[in-house]
S.K.: 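Input: one structure, supplied below.
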Amino acid sequence: MSLNVVDRRRINGPQRSVEPVYTTKVVDPFASGRLDERALDQVRPIFIKTGPLDAQSLSAAAPSGSAYYEQGKIRVSCAIYGPRQGRKSDARMGSFDCDFKYAPFSCSWKRSHIKTSDEKEIALMLEHSIAPAIRLETYPKASIDAFVTVIESDGKAATIAAAINCISAALADAGIELYDSVAACSMALHGEQW
């Protein structure tokens, strides 16, 4: 019987350890301006294209409308399906449902393909911000579904605003009747400057 049994399930630590260096200096991220070299009151450049997903698929699963939205380092795509038969048979008004997800490679805070509670909360925010603009009474017993995918993100608030703008453009591309289009932006207060 051998006494030199190696446990293959355990990861051995390093032979020597070094104490971490603690810093107490608070760094102001806007001390030398923004990281992307914009002025504090300057808007990110915007690019939007409607219908990029429509041309890719000529099957029955093709979306009714789609949009691609870029704003600086934020990239969002949205596909609209509907109006189609809803889940509620007694509804006098249509319903609007939104599915929101970050791609696993889109940002530093998303590590897995599994849906998080943060994504569910953002989807609910998007539903509450977009649904009042849709004329749901003209689509009784129907469902309109929006599927939003964040391809790249560098901030949560700005990404939510970009998603609202992308959904609004995709709804217009799908020909859904709207009271008006929805526009969104995000702002931050730094000291005395917005």
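Small disclaimer: the values here were computed from a predicted structure and weren't measured.
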S.K.: If I compare all heavy atoms of Leu136 with all of Ala131, which pair ends up nearest, and what's the gap?
M.R.: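 Scanning both residues completely, I find the closest heavy atoms to be CD1-O, 4.2 Å.
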S.K.: Assess the residue pair Ser106 and Ile151 against the criterion (side chain to side chain contact (heavy atoms under 4.5 Å, CB included)); give the C-alpha distance rounded to whole Å, side-chain angles, the decisive distance to 0.1 Å, and a yes or no.
M.R.: CA-CA 5 Å; Ser106 65; Ile151 301 165; 5.8 Å; no
S.K.: By side-chain contact (heavy atoms from CB on, under 4.5 Å), which residues pair with Ala158, not counting sequence neighbours?
M.R.: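 If we apply the side-chain contact (heavy atoms from CB on, under 4.5 Å) test to Ala158, skipping adjacent residues, the hits are Arg44, Ile74, Ser186.
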S.K.: What are the two closest non-hydrogen atoms of Ser66 and Asp173, and how far apart are they?
M.R.: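 Taking Ser66 first and Asp173 second, the nearest heavy atoms are N-OD2, 3.0 Å.
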S.K.: With sequence neighbours excluded, tell me which residues meet salt bridge (Lys or Arg N to Asp or Glu O under 4.0 Å) with Glu192.
M.R.: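 Glu192 satisfies salt bridge (Lys or Arg N to Asp or Glu O under 4.0 Å) with no other residue.
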S.K.: For Phe100, check ring pair (Phe, Tyr, Trp, His ring centres under 6.0 Å) against everything at least two apart and list the hits.
M.R.: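 Scan of Phe100 (ring pair (Phe, Tyr, Trp, His ring centres under 6.0 Å), adjacent residues dropped) gives Tyr102.
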S.K.: Side-chain heavy atoms nearer than 4.5 Å, only ILVMFWY residues, links allowed to pass through others: does that put Leu178 and Val148 together?
M.R.: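 Shared cluster, yes.
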S.K.: What pair of heavy atoms forms the shortest contact from Ile167 to Cys98, and how long is it?
M.R.: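 Shortest heavy-atom separation between Ile167 and Cys98 comes out as CD1-SG, 4.0 Å.
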S.K.: Kindly indicate whether the side chain of Ile130, heavy atoms from C-beta on, has any atom under 4.5 Å from the side chain of Leu171.
M.R.: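 Ile130 vs Leu171: side chains touch.
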S.K.: For residues Cys166 and Val76, determine if any side-chain heavy atom of one lies less than 4.5 Å from a side-chain heavy atom of the other.
M.R.: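 Yes; the side chains approach each other to less than 4.5 Å.
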S.K.: Report yes if some heavy atom in the side chain of Leu124 is under 4.5 Å from a heavy atom in the side chain of His128; otherwise report no.
M.R.: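 A side-chain contact under 4.5 Å exists here.
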S.K.: Going by the ring pair (Phe, Tyr, Trp, His ring centres under 6.0 Å) test, which pairs reach into residues 131-176, not counting sequence neighbours?
M.R.: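 Every ring pair (Phe, Tyr, Trp, His ring centres under 6.0 Å) pair that includes a residue of residues 131-176, provided the two are not neighbours, is Tyr81-Phe147.
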S.K.: Going from SG on Cys185 to CD1 on Ile160, what distance comes out if it is rounded to the nearest 0.5 angstrom?
M.R.: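 The distance works out to 13.0 Å.
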S.K.: Applying salt bridge (Lys or Arg N to Asp or Glu O under 4.0 Å), can you list everything that pairs with Glu127, at least two apart in sequence or on another chain?
M.R.: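 Glu127 satisfies salt bridge (Lys or Arg N to Asp or Glu O under 4.0 Å) with no residue once adjacent residues are dropped.
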S.K.: Partners of Asp145 by side chain to side chain donor-acceptor pair (under 3.5 Å), sequence neighbours excluded?
M.R.: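 Partners of Asp145 under the side chain to side chain donor-acceptor pair (under 3.5 Å) test: Arg84, Ser143.
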S.K.: So which heavy atom on Phe96 is nearest to which on Leu126, and how close?
M.R.: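 Heavy atoms of Phe96 and Leu126 come nearest at CE2-O, 4.3 Å.
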S.K.: Once salt bridge (Lys or Arg N to Asp or Glu O under 4.0 Å) is applied, what residue pairs with a partner in residues 156-165 remain, sequence neighbours excluded?
M.R.: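 Residue pairs with at least one partner in residues 156-165: Asp118-Lys156.
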S.K.: Taking all heavy atoms of Ile176 and all of Pro83, pick out the closest pair and write down the distance.
M.R.: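 Scanning both residues completely, I find the closest heavy atoms to be CD1-CD, 3.6 Å.
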S.K.: When you check the gap from the basic side-chain N to the acidic O, do Glu70 and Arg75 get nearer than 4.0 Å?
M.R.: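 Yes.
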S.K.: Of all residues at least two apart in sequence or in a different chain, which pass the side chain to side chain donor-acceptor pair (under 3.5 Å) check with Ser77?
M.R.: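 Partners of Ser77 by the side chain to side chain donor-acceptor pair (under 3.5 Å) criterion come out as none, since no residue qualifies.
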S.K.: Between atom CE of Met93 and atom OG1 of Thr138, what is the distance when rounded to the nearest 0.5 Å?
M.R.: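 Result: 9.0 Å between the selected atoms.
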S.K.: Sequence neighbours excluded, which residues qualify as side-chain contact (heavy atoms from CB on, under 4.5 Å) partners of Lys49?
M.R.: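 Result, side-chain contact (heavy atoms from CB on, under 4.5 Å) vs Lys49: Phe47.
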S.K.: What's the separation between atom CZ in Arg92 and atom CD in Glu137, rounded to the nearest 0.5 Å?
M.R.: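 One gets 13.5 Å once the value is rounded to the nearest 0.5 Å.
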S.K.: Could you name each residue pair satisfying side-chain hydrogen bond (donor to acceptor under 3.5 Å, both in side chains) that touches residues 158-172, not counting sequence neighbours?
M.R.: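 Of all non-adjacent pairs touching residues 158-172, those that pass side-chain hydrogen bond (donor to acceptor under 3.5 Å, both in side chains) are Tyr69-Asn165, Ser153-Thr159.
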S.K.: Within a strict 4.5 Å, meaning less than it, do heavy atoms of the Gln71 and Val43 side chains meet?
M.R.: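 Yes; the side chains approach each other to less than 4.5 Å.
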S.K.: By salt bridge (Lys or Arg N to Asp or Glu O under 4.0 Å), which residues pair with Glu177, not counting sequence neighbours?
M.R.: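 For Glu177, the residues satisfying salt bridge (Lys or Arg N to Asp or Glu O under 4.0 Å) (neighbours in sequence not counted) are Arg135.
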